[in-house]
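I have placed the structure first, in the form of structure tokens, so that the comments after it can refer back to it.
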Number of protein chains: 2
Amino acid sequence: MAAQEQYEELARQLNTVNAVKRDLARALPADCPPAAAAVLLALARGGEMRMSRLAELLAVDMSVTSRHVAHVADRGWIERLPDPADKRSRLLRLTAAGAGKLDELSERTAERLAEQLGDWSDAEVGELIRLMTKLRASFGDCRTPARARPLTPGPREAGRPRHSDPEPPTLDPPSPAGDRAAGSPA
Amino acid sequence: MAAQEQYEELARQLNTVNAVKRDLARALPADCPPAAAAVLLALARGGEMRMSRLAELLAVDMSVTSRHVAHVADRGWIERLPDPADKRSRLLRLTAAGAGKLDELSERTAERLAEQLGDWSDAEVGELIRLMTKLRASFGDCRTPARARPLTPGPREAGRPRHSDPEPPTLDPPSPAGDRAAGSPA
DNA sequence: TATTGTTATACTCTATAACTATA
DNA sequence: TATAGTTATAGAGTATAACAATA
């Protein structure tokens, strides 16, 4: 169990590490923003999957995923095939062009990382990956907390409204076992 | 030196760890978005400082910092004092109200982290902090690279080798004293 | 002329809500 | 009625450029 001071510091690092992400993003081509690259990478790693599964992997709302997927589909980097098991659903698959694009992106990103992290040991990079993965796992599926986490274990002080949540009197907890009970990320 | 596969994975984790940050952000009060909290924390840790120094600590452009600072100043959480040494500059200082606010924020954040990371060992949390800090340090001052690093992402659709340009002008040691001032005017 | 900080503008990413088409 | 996905809208965060005041 860590001290409060440690937690504060962790939160701080979580903020500033974003600068690294932005730096990496600048190495990407203009027609492929980081979110698009993430879609390609997830499909390359996880193989054919549905929107909902992809959204889970990317840790964002499905509406967001839908836009990013449309972006990469427009460019022919992925296909959206009908799901034989469910006509509402679509199966996403990387195309050859998408795989090629991803190679290019990965190479650039790795190049940049190698430039800056050249003096890190293999073990240290691995350890950072491991801990970040574990961090994500510890938070579970922390998207759309209204529906995904209807039970807020935290005390929460007085009821302050969230940013864009003036005051939803409509508690709709009716789908807790829906989809996020599925497999583990990564 | 790590393998390309590792670098890819690191980039991926850098993306998804954002979900954790967003989750933490939701624990904050509505009048204090994460960026405002970061300003308060930085001033609490680093003491009185100028805008430019704060921007460096937060790893964002000064224009961004200016907005966030205005936000917290409007709420009386910080003061902007004249700098006796340079009348263009302003010294930022946390007020008592700001310190109080920060306490509240830190408590909430730490609470959430403790909830989710309760089973982590002190050593593991410390190691994650250490590695994230090192990651940031390895990237140096990676803000506003447009002026510091003229190599632009650009489309580059056709299979151009990417070893043609990235190399020469990149020298930009993060000197703590002078804010990289090498400018290419419009 | 150079630098500190501010403001205006634009772009990316995100979530919420309303909608469709299936189930 | 519930679920998979899409689209419209709004909010936060960021960078660029033009600007003001001072050095």
Side-chain angles (χ1 to χ4, degrees), chain A residues 15 18-19 21-23 25-26 28 30 32-39 49-56 58-71 73 80 82-83 85-92 142-148 162-166 168 170 172 174-180, chain B residues 15 18-19 21-23 25-26 28 30 32-39 50-55 58-71 73 80 82-83 85-92 142-148 178-186:
Chain A
N15 279 329
N18 238 333
K21 193 184 145 194
R22 294 198 300 274
D23 183 276
R26 282 191 283 265
L28 266 36
C32 191
V39 168
M49 67 181 74
R50 293 169 308 151
M51 287 288 313
S52 53
R53 170 68 178 148
L54 179 59
E56 188 186 326
L58 299 180
V60 295
D61 192 86
M62 188 158 53
S63 67
V64 175
T65 307
S66 182
R67 285 169 61 96
H68 297 157
V69 161
H71 179 92
R80 289 188 272 198
D83 184 343
D86 187 338
K87 279 177 188 150
R88 297 170 300 182
S89 194
R90 300 222 248 175
L91 290 176
L92 310 174
C142 49
R143 303 166 297 159
T144 57
R147 277 166 300 183
R162 245 124 249 80
H163 293 227
S164 52
D165 187 23
T170 53
D172 54 312
S175 62
D179 63 275
R180 104 283 191 216
Chain B
N15 279 329
N18 237 335
K21 194 184 143 193
R22 293 197 301 274
D23 182 277
R26 281 190 285 264
L28 266 36
C32 192
V39 168
R50 293 169 309 153
M51 288 288 313
S52 52
R53 170 68 178 150
L54 179 59
L58 300 179
V60 295
D61 192 86
M62 186 157 54
S63 67
V64 175
T65 308
S66 182
R67 283 168 62 98
H68 297 158
V69 160
H71 179 93
R80 288 188 274 199
D83 183 344
D86 187 337
K87 279 177 188 152
R88 295 171 302 182
S89 195
R90 301 223 247 175
L91 291 176
L92 309 174
C142 50
R143 301 166 299 160
T144 59
R147 277 165 298 183
D179 296 339
R180 60 53 248 71
S184 55

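Chain letters run A, B, ... following the sequence lines, proteins first and then strands; every chain starts at 1. Just so it is clear, the values below take in all heavy atoms, side chains as well, and ignore hydrogens, waters and symmetry mates.
- In terms of position along DNA chain D, the nucleotide closest to Ala70(A) lies nearer the 5' end than the nucleotide closest to the other residue of the pair Ala70(A) and Asn15(A).
- Closest approach of His71(A) and Pro33(A) over heavy atoms only: NE2-CD, 3.7 Å.
- Using a 4.5 Å cut-off on side-chain heavy atoms (C-beta onward), Val69(B) and Met51(B) make contact.
- The side-chain heavy atoms of Asp83(A) and Arg90(A), taken from C-beta on, include no pair separated by under 4.5 Å.
- Note: CG (Asn18(B)) to C1' (dC13(C)) measures 9 Å, nearest angstrom.
- Ser89(A) comes within 4.0 angstrom of the backbone, heavy atoms only, and of no base.
- Protein atom CG of Asp61(A) is 14 Å distant from nucleotide atom C1' of dG11(D), rounded to whole Å.
- Atom CZ in Arg90(B) sits roughly 12 Å away from atom C1' in dA20(D) (whole-Å rounding).
- Regarding His71(B), its NE2 atom lies at a distance of 15 Å from the P atom of dG11(D), rounded to whole Å.
- The Pro33(B) side chain lies nearest to dG13(D) when the options are dT14(C), dG13(D), dG5(C).
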Using the 3.5 Å cut-off, write out each protein N or O paired with an N or O of nucleotides 18-23 of chain C and the distance between them.
unit_1, atom_1, unit_2, atom_2, d
dA23(C), OP1, Lys87(A), N, 2.7

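- What separates CG of Asp23(B) from C1' of dT14(C) is a distance of 14 Å, to the nearest Å.
- Looking at residues two or more places apart in sequence or on another chain, you find no salt bridge (Lys or Arg N to Asp or Glu O under 4.0 Å) involving Arg80(B).
- Of the side-chain N and O atoms in Ser52(A), one or more sit less than 4.0 angstrom from OP1 or OP2 of dG5(D).
- Toward the 5′ end of DNA chain C lies the nearest nucleotide of Met62(B), the other residue of the pair Pro34(A) and Met62(B) mapping further downstream.
- Residue-to-nucleotide proximity on DNA chain D shows that, of Met51(A) and His68(B), the 5′-proximal contact is made by Met51(A).
- Residue Arg67(B) has no polar side-chain atom (N or O) positioned under 4.0 Å from OP1 or OP2 of dT9(C).
- Checked against side chain to side chain contact (heavy atoms under 4.5 Å, CB included), Lys87(A) has no partners two or more places apart in sequence or in another chain.
- A 4.5 Å side-chain heavy-atom check between Leu28(B) and Pro34(B) finds at least one atom pair inside the cut-off.
- Backbone-only engagement by Val60(A) is indicated by non-hydrogen atom pairs under 4.0 Å involving sugar-phosphate atoms exclusively.
- Annotation: side chain of Leu54(B) is not in contact with side chain of Met62(B) (no heavy-atom distance under 4.5 Å).
- The CG-P distance, from Asp83(B) to dT3(C), rounds to 17 Å in whole Å.
- The distance between atom CZ of Arg50(B) and atom P of dT3(C), rounded to the nearest whole Å, is 13 Å.
- Along DNA chain C, the nucleotide closest to Leu91(B) and the one closest to Ala36(A) are compared, and the more 5′ of them pairs with Leu91(B).
- Side chain of Ser63(A), nearest nucleotide from dT16(C), dT6(D), dT7(C): dT16(C).
- Taking atom CZ of residue Arg53(A) and atom P of nucleotide dA4(D), one finds them 14 Å apart after rounding to whole Å.
- In this structure, Leu92(B) and Arg53(B) have side chains that are not in contact, with every pair of non-hydrogen atoms separated by 4.5 Å or more.
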